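Lettering follows sequence order; numbering is per chain, from 1. Quick caveat: nothing in here was measured; it's all calculated off a predicted structure.
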There are 2 protein chains.
Amino acid sequence: MRISELATLAGVSTRTVRHYHHLGLLPEPERLANGYREYRLRDAVELARVRRLAELGLSLDEVRDVLADDQGRELREMLVELDADLAREQAAIADRRARLAALLAEADLHPDSTVSPEMAEVLRGLPTGSSTFAEFDRELLTLAATVSESAGRTELADLLRPLTEPEAYARGHVLIARLDELADADPDDPRVAVVARDLAAHLPDEMVSVMIASLDDPGTGQWQEALLRELPAAQAEVFQLLVTQLKERG
Amino acid sequence: MRISELATLAGVSTRTVRHYHHLGLLPEPERLANGYREYRLRDAVELARVRRLAELGLSLDEVRDVLADDQGRELREMLVELDADLAREQAAIADRRARLAALLAEADLHPDSTVSPEMAEVLRGLPTGSSTFAEFDRELLTLAATVSESAGRTELADLLRPLTEPEAYARGHVLIARLDELADADPDDPRVAVVARDLAAHLPDEMVSVMIASLDDPGTGQWQEALLRELPAAQAEVFQLLVTQLKERG
DNA sequence: GCTTGACCTTGACGTAACGTCAACGTATCT
DNA sequence: AGATACGTTGACGTTACGTCAAGGTCAAGC
């Protein structure tokens with residue numbers, strides 16, 4: 001048999017056969033006088049075995065290990081482990097499909113949204129336009145929602161998770177408006193302290209404890225300050241005060 | 001924000017962020033005087049968006065397409081298509097796990113077998129040792145069984161599938177023994193024709209028609225001859241005759 | 001004898017999404 | 001000033017082959 005016959009016999013390409021020779025998965029057969037490889041039935045059997053293991057999902061390195069160990073012992077271990085891998089993969093896919101379905105449903109109703117239906121609802125509740133703080137808040141929440149759905153566990157998500165729940169915004173709009181008024185104010189403006197206090201009063205206890213905990217996490221301090229620097233001075237000051245007050249309270 | 005802050009915020013590595021810059025998925029931010037990249041909240045939002053799409057299973061190229069088209073239209077199409085992909089993958093994994101489970105069950109009973117339980121049974125029924133034809137047959141059947149489980153559809157599998165069913169071997173052993181007797185015989189030996197006729201008589205009609213069909217398939221002729229060349233002349237002659245007789249009959 | 005076309009040979013680059021050095025400048029703490 | 005941690009660009013490694021490239025071999029038809 002020549003290489004293309006062997007290949008079609010096993011349902012692979014000639015390149016694949018040569019690749020397996022290269023990796024040592026398949027022994028090089030005799031060569032004819034012209035240099036052509038000459039295969040026998042035995043080679044086809046081995047090739048088929050390699051293919052079968054590979055198609056079960058073993059890497060070619062693992063296939064080599066299995067072939068090398070003439071005992072059946074290693075094979076069993078790998079297959080068991082492989083099955084566990086596949087099970088995990090199945091779960092992951094199911095999860096992705098679920099999120100995908102939710103996204104599709106939301107996309108049908110509101111073609112421009114890019115987050116979960118619940119979060120989309122919250123965001124629609126926010127004042128629109130480029131009013132300074134609302135925009136900041138919108139971005140922050142979008143970020144938190146996005147991150148919490150994908151990365152699963154980051155500090156930002158932990159910190160802001162309470163705020164991504166719709167109830168948090170039930171009476172929040174008016175506070176946002178008052179923050180916006182501080183856009184061009186001085187950090188010493190008397191309204192700063194007032195807004196901070198009202199904001200603190202607005203947050204339920206359980207939210208506060210969760211947020212304090214993740215605020216103290218080392219590593220959170222980094223971007224926390226960086227983000228505050230993006231706000232006008234007076235608004236940033238509000239949050240400095242807010243954190244202080246929450247810590248006293250918590 | 002500096003790059004590592006952005007990265008931890010989104011739950012990725014700095015390498016990933018730079019990679020996205022390189023691919024144009026994420027705009028390069030301002031540089032500080034020292035050359036460091038300086039990120040803002042907006043960048044984090046974009047990065048999170050990229051990540052989310054990527055984690056849903058879109059390739060980075062596809063992510064770029066989605067981002068490029070500011071309409072939501074393309075997104076929907078890709079998501080629908082992606083869901084179909086995932087569904088196919090799920091099915092494939094389920095299939096692999098099923099085959100894997102069968103293999104494991106068989107391995108527990110007979111640690112040395114490498115094919116399906118049914119086929120393992122057939123092979124155990126074959127005379128063992130290096131008696132010429134039985135060994136050839138064993139290899140051929142192993143090959144057919146292996147190929148038919150992995151590649152799914154090759155000509156060899158089609159041709160030999162009838163033979164991989166256990167009933168085919170119910171009364172076959174004696175014929176194999178008679179073939180073995182021809183190992184050193186002359187192709188003109190009178191027993192050749194007899195064995196060919198008995199072999200033909202042994203095969204049920206429905207098997208014959210299937211086999212004839214795939215024997216006529218162009219492309220099958222290739223390795224068919226190559227395999228016959230591996231047999232002693234008299235045995236090869238038996239099969240030449242056999243094929244002729246089957247064709248007259250079918 | 002010559003061309004044509006189908007096959008064979010080896011060698012090498014391309015793919016996807018980053019991980020992982022390397023070699024070097026920068027900021028910070030002691 | 002030195003150690004440590006972080007930033008920069010550049011380039012190679014990973015997986016399982018696909019896909020040229022550049023050439024040798026073989027059977028068939030002119």
Enquirer: Rounding to an integer number of Å, can you tell me how far A:Tyr39 OH sits from C:dC7 P?
Expert: 16 Å
Enquirer: In plain terms, say whether B:Arg138 and B:Glu135 are close enough for a salt bridge, that is, a side-chain N and a carboxylate O under 4.0 Å apart.
Expert: yes
Enquirer: Would you please name every residue forming a side chain to side chain donor-acceptor pair (under 3.5 Å) with A:Asn34, sequence neighbours left out?
Expert: none
Enquirer: Work out which heavy atom in A:Ile93 is nearest to a heavy atom in B:Ile93; give both atom names and the distance.
Expert: CD1-CD1, 4.0 Å
Enquirer: When you check the gap from the basic side-chain N to the acidic O, do B:Glu38 and B:Arg2 get nearer than 4.0 Å?
Expert: no
Enquirer: For residues 229-241 of chain B, which side-chain N or O atoms pair as donor and acceptor with protein atoms under 3.5 Å away, sequence neighbours left out?
Expert:
residue	atom	partner	partner atom	Å
B:Glu230	OE1	A:Arg40	NH2	3.3
B:Glu230	OE1	A:Leu41	N	3.3
B:Glu230	OE2	A:Leu41	N	2.6
B:Gln235	NE2	B:Leu179	O	2.9

Enquirer: So where does chain A start and stop touching DNA chain D, 5' to 3', when the test is distance under 4.0 Å to a non-hydrogen atom?
Expert: D:dA16 to D:dC26
Enquirer: To the nearest Å, how far apart are B:Arg37 CZ and C:dA27 P?
Expert: 16 Å
Enquirer: Looking at side-chain heavy atoms only, is the closest gap between A:Leu47 and A:Val12 below 4.5 Å?
Expert: yes
Enquirer: Apply side-chain contact (heavy atoms from CB on, under 4.5 Å) to the pair B:Asp85 and B:Arg88, showing each step before the final yes or no.
Expert: CA-CA 5 Å; B:Asp85 281 354; B:Arg88 271 192 294 280; 2.5 Å; yes
Enquirer: By nearest nucleotide on DNA chain D, pick out whichever of B:Arg2 and A:Ser59 is the more 5' one.
Expert: B:Arg2
Enquirer: So does A:Asn34 get a side-chain nitrogen or oxygen closer than 4.0 Å to the phosphate oxygens (OP1/OP2) of C:dT9?
Expert: no
Enquirer: Contacts to DNA chain C from residues 12-33 of chain B, heavy-atom cutoff under 4.0 Å, which residues?
Expert: B:Ser13, B:Arg15, B:Thr16, B:His19, B:Tyr20
Enquirer: What distance separates B:Arg49 CZ from A:Leu143 CG, expressed to the nearest 0.5 Å?
Expert: 13.0 Å
Enquirer: How close or far is atom P of C:dC7 from atom CD1 of A:Ile3, stated in whole angstroms?
Expert: 13 Å
Enquirer: Which residues pass the side-chain contact (heavy atoms from CB on, under 4.5 Å) test with A:Glu28, sequence neighbours left out?
Expert: A:His21, A:Arg31, A:Arg37
Enquirer: Bend angle of the helix from C:dG1-D:dC30 to C:dT30-D:dA1 from five-pair axes at both ends, rounded to 10°?
Expert: 30°
Enquirer: Indicate whether any N or O donor in one side chain lies under 3.5 Å from an N or O acceptor in the other, for A:Tyr20 and A:Arg51.
Expert: yes
Enquirer: So, for A:Tyr39 and A:Ile3, which heavy atoms are closest and what is the spacing to 0.1 Å?
Expert: CE1-CA, 3.6 Å
